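We name chains A, B, ... by the order of the sequence lines, and we start the count at 1 in each one. Only a predicted model underlies this, so the values are computations on that prediction, with no experimental measurement involved.
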Amino acid sequence: MVDLITEIVLMPIIEIGGIMLVKTVGPVGAKIFFVGETPGEEEDKYGTPFYKDAPAGRTFNSLLTLAGISRAECLVGNVARERPPGNKISFFFEDKKCTIPKQILKKWIEDLRQEIDINQPNVIVALGGTALWALTGEKLISKFRGTVMESTLCPGIKVFPTYHPQAVNYTWPLHFTVVMDLRKAAYHSKFSGMPPDKRVLIEARNIDQFISYLREIKEDTISVDLEAAQPGSHITIVGVASSPTVAMSIKIVSGNHSRYSRGEELLLWRELGKVLTSKKLIMQNAAYDTGVLLLNHGINCINNLWMDTLLAAHCLWPETPRDLGYLASLCLDVPAWKHTAKDDPAMYNAADAANTFGIAEFLYKELKRTDNLKTFEFEMSEIAPSLLMQLKGIPVDLTARDELVKEHTNIYKETEAELNKILGKKINFNSSKQVQNLLYIDLGLPVQYKRRKKASDPRKITAGAEAIKKLSKLVPNNPIFNLLLKYKKSFKLVSSFLEIELSPTGRVHTSYNITGSATDDTGRKSFGRWSSSESIILPYGSGNLQNIPEEARKMYRAAPGYVILQVDKVQAEAVVVAYLANDFKLKKLFKDRFNAPFAEKGQFDVHKFTAVHMFGVKFEDVTKELRTVGKTLRHAVNYSAGPGVVSAKLGCTMTVAKQLLEKYFNINPQLRIWHQSIQNQLRENRTLTTPLGRKHKFLERWGDGLFRSAYSYIPQSTVGDLLNMDLVDIYNEAGKDIDILIQLHDSIYFHIPEKDISAVQKLCLKYMLRETEINHDTMIIEADFKAGPSWGEQESISY
DNA sequence: GATTTTACGTA
DNA sequence: CGTACGTAAAATCT
């Protein structure tokens with residue numbers, strides 16, 4: 001019977017009272033059926049769903065191409081067949097939350113059901129939340145995308161949800177996820193029915209059962225996952241998988257009580273310790289699990305790590321989310337399980353363990369295929385030093401801290417009182433809104449706006465420090481500006497950096513994150529630099545240790561007889577840029593500096609060099625001010641900053657800033673060429689590779705924002721990686737003997753006995769002068785040293 | 001009470 | 001129209 005129909009759409013366009021009916025199109029018996037939401041303006045005009053020249057249709061087609069799917073072989077339709085007023089799907093629902101469909105929508109869903117029934121596709125791809133709801137009754141696309149579901153509308157038929165192409169248009173980085181999803185959908189179009197779930201996930205009834213499971217594991221690799229209660233990171237559940245399909249978990253804690261006797265628990269930890277120190281281990285975010293095991297149970301299994309799936313995913317896809325649920329949706333064919341954490345934590349944990357194993361196997365193949373194994377192994381080697389730095393913490397001198405708190409609390413309180421007196425009323429100067437009202441309404445000053453990232457961004461009013469500085473120039477002799485700045489500075493210092501909780505031993509801890517940021521899930525920029533954030537294992541301190549201001553650094557003091565020694569990569573990013581841009585003059589300067597004896601190195605200062613070329617003065621005659629101009633311009637231009645930044649930094653007018661920039665570019669034409677070459681590389685496949693082999697695909701919209709992000713990528717990433725290589729080597733050689741305190745992107749701090757200074761300097765130099773090939777030349781970034789009684793009081797020392 | 005915005009510290 | 005990062009406090013949402 002079906003044979004009689006060659007195309008579903010015999011009459012795609014039917015006009016009813018001026019509104020087009022947009023029907024499903026495509027060949028009968030297609031294996032994939034794409035279902036969207038409603039027709040848009042163009043679809044309505046031409047009667048075709050995802051019309052090729054409509055915004056969503058254009059994106060849809062390009063996503064299909066990237067996923068290797070031929071649209072001609074697919075059915076394509078929408079849930080709603082007419083365009084609602086204002087393109088709002090809620091028009092077809094009785095209620096605001098879009099759960100009760102109106103009669104007409106019910107009829108369209110029945111049409112959809114019949115189309116599915118006639119065609120019997122192997123997979124229906126639900127594009128967006130409405131299609132997901134119509135086909136399965138579920139609403140949250142972000143929760144279910146990437147996982148196979150069974151249709152409730154047509155039982156027995158697979159539904160595979162992903163984002164709507166229009167969502168990709170709004171948030172372009174989603175396209176990576178959608179392409180990955182579509183590839184998986186293409187795989188599912190090859191067979192009908194739900195994929196069998198072969199996993200055996202078991203919650204152990206008691207310790208004995210868990211221990212016998214551990215003892216019987218024959219495989220040499222296992223994956224491990226812990227659940228822990230905060231604060232204190234007390235382990236509540238342990239899960240171990242011996243393969244992607246076999247996992248067992250055991251609940252150790254119920255409520256606030258251990259479920260087992262002390263003796264039983266000790267037995268468990270002993271047996272677990274044996275397994276963890278004899279097998280190769282897979283973990284997701286191993287630094288946390290290994291850290292908790294080491295700190296709370298004395299189990300040190302760091303050297304047994306084979307793969308941290310977080311790091312593997314970071315090396316492969318640094319631009320995407322990397323939580324386990326997301327990775328599973330890309331790599332595996334398992335049902336979504338992340339929402340079961342509360343209802344059945346033990347099974348949830350077992351699923352975590354098993355899925356981590358499966359993800360690891362997938363990622364390993366991908367790392368190999370894409371030539372990323374070296375970067376991955378390097379990142380794995382960073383786990384031990386970063387974790388031990390976290391656990392060790394850095395010492396705080398309580399007396400110094402209290403004095404600083406007292407001093408700066410006085411400053412902001414006095415400043416506040418003075419301001420209130422001048423203004424004749426009380427204002428919260430930490431409130432941006434109140435300060436804006438004060439400046440722009442009460443005082444009627446010219447409104448200051450934030451610098452925009454894009455010309456198309458809306459202008460935003462600001463009352464930040466930069467705006468206040470500008471106003472103080474416009475209105476001289478008004479004392480409130482300086483008072484405001486003083487208040488903000490000291491308040492911030494006290495609240496964010498001085499009044500912090502210390503550990504019982506008076507230390508501060510931070511978690512060094514090898515994979516960088518994790519804040520939002522629409523594309524990240526992690527370039528291989530570490531980030532620093534609050535340690536969940538030891539939650540003491542200000543969290544981020546990479547943004548402590550100089551004043552607050554004074555409270556981090558060395559023990560008696562000890563010093564804090566700092567090693568810096570000299571002008572690191574400027575050196576990398578010089579080699580990337582192939583700036584011969586500059587490269588020669590850096591090489592000459594390297595070959596000069598220590599006492600003469602000051603004669604090869606890059607910023608003075610810039611000033612010499614900019615202003616035609618002699619090297620000896622470069623003033624401090626001219627050097628600052630040179631430094632600011634080099635920095636600004638390297639990263640394609642504009643005159644706004646230069647004028648703000650130098651305190652000059654925009655006109656002067658523009659002239660300076662122009663002059664700089666004329667003297668350094670290589671920079672424009674280098675920027676152009678970055679753009680050319682992006683044009684090829686949006687991917688940049690650093691001299692150390694780290695790759696990053698830039699998913700943002702094509703344009704200046706993308707370019708600027710890309711310009712900064714190679715220098716930042718290369719310097720970060722080189723410093724971490726140094727740190728790993730130094731740790732591997734001497735981590736047991738010397739205390740590595742802090743990593744600050746291009747410098748490392750040590751806490752060492754004063755008598756060891758020159759030995760540690762030697763150790764640093766042994767590794768830090770490593771050679772890197774760039775543009776068929778050999779780059780060496782120099783190192784220099786400072787030391788002092790505290791982190792905030794550091795003096796240069798020779799070597 | 002949870003989430004978003006604004007501002008600000010470092011490299 | 002520098003980039004990258006994390007956090008505190010205020011504002012805003014539900």
Colleague: Heavy atoms under 4.0 Å, any strand shown: does A:Arg529 hit a base, just sugar-phosphate, or nothing?
Modeller: base
Colleague: Does A:Glu573 pair with A:Arg529 as a salt bridge, N-O distance under 4.0 Å?
Modeller: yes
Colleague: Reading DNA chain B 5' to 3', which nucleotide is the first, and which the last, to come under 4.0 Å of any heavy atom in chain A?
Modeller: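 Terminal contacting nucleotides, 5' to 3': B:dT6 to B:dA11.
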Colleague: Mind checking if A:Thr462 touches a base, just sugar-phosphate, or nothing, with heavy atoms under 4.0 Å?
Modeller: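 Sugar-phosphate, backbone atoms only, no base.
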Colleague: For residues A:Ser511 and A:Tyr288, is any side-chain donor paired with an opposing acceptor at under 3.5 Å?
Modeller: no
Colleague: Starting at the 5' end of DNA chain C, which residue's closest nucleotide do you reach first, A:Phe491 or A:Ser531?
Modeller: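 Closer to the 5' end of DNA chain C: A:Ser531.
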Colleague: Which part of the nucleic acid, if any, lies within reach of A:Lys569 when heavy atoms closer than 4.0 Å are counted: base, sugar-phosphate only, or nothing?
Modeller: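 Answer is nothing: A:Lys569 stays at 4.0 Å or more from every strand.
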Colleague: In which stems does DNA chain C show up, taking only runs of three or more Watson-Crick or G-U wobble pairs whose two distances fall under 3.5 Å?
Modeller: B:1-11 with C:3-13
Colleague: With heavy atoms under 4.0 Å as the rule, sort A:Ala552 into base, sugar-phosphate or nothing.
Modeller: nothing
Colleague: Can you give me the N/O atom pairs linking the protein to nucleotides 10-14 of chain C at distances under 3.5 Å, or say none if there are none?
Modeller:
residue, atom, partner, partner atom, Å
C:dA10, OP1, A:Asn428, ND2, 2.5
C:dA10, O3', A:Ser431, OG, 3.2
C:dA11, OP1, A:Ser431, OG, 2.5

Colleague: Could you tell me whether A:Ala572 contacts a base, only the sugar-phosphate backbone, or nothing, with contacts defined as non-hydrogen atoms closer than 4.0 Å?
Modeller: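 No contact.
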Colleague: Considering heavy-atom distances to DNA chain C, does A:Ser542 or A:Arg452 have its closest nucleotide positioned more toward the 5' end?
Modeller: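 By nearest-heavy-atom nucleotide position, the 5'-most residue is A:Arg452.
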Colleague: Using the rule side-chain hydrogen bond (donor to acceptor under 3.5 Å, both in side chains), only one of A:Lys450, A:Arg451, A:Gln448 pairs with A:Glu466; which is it?
Modeller: A:Arg451
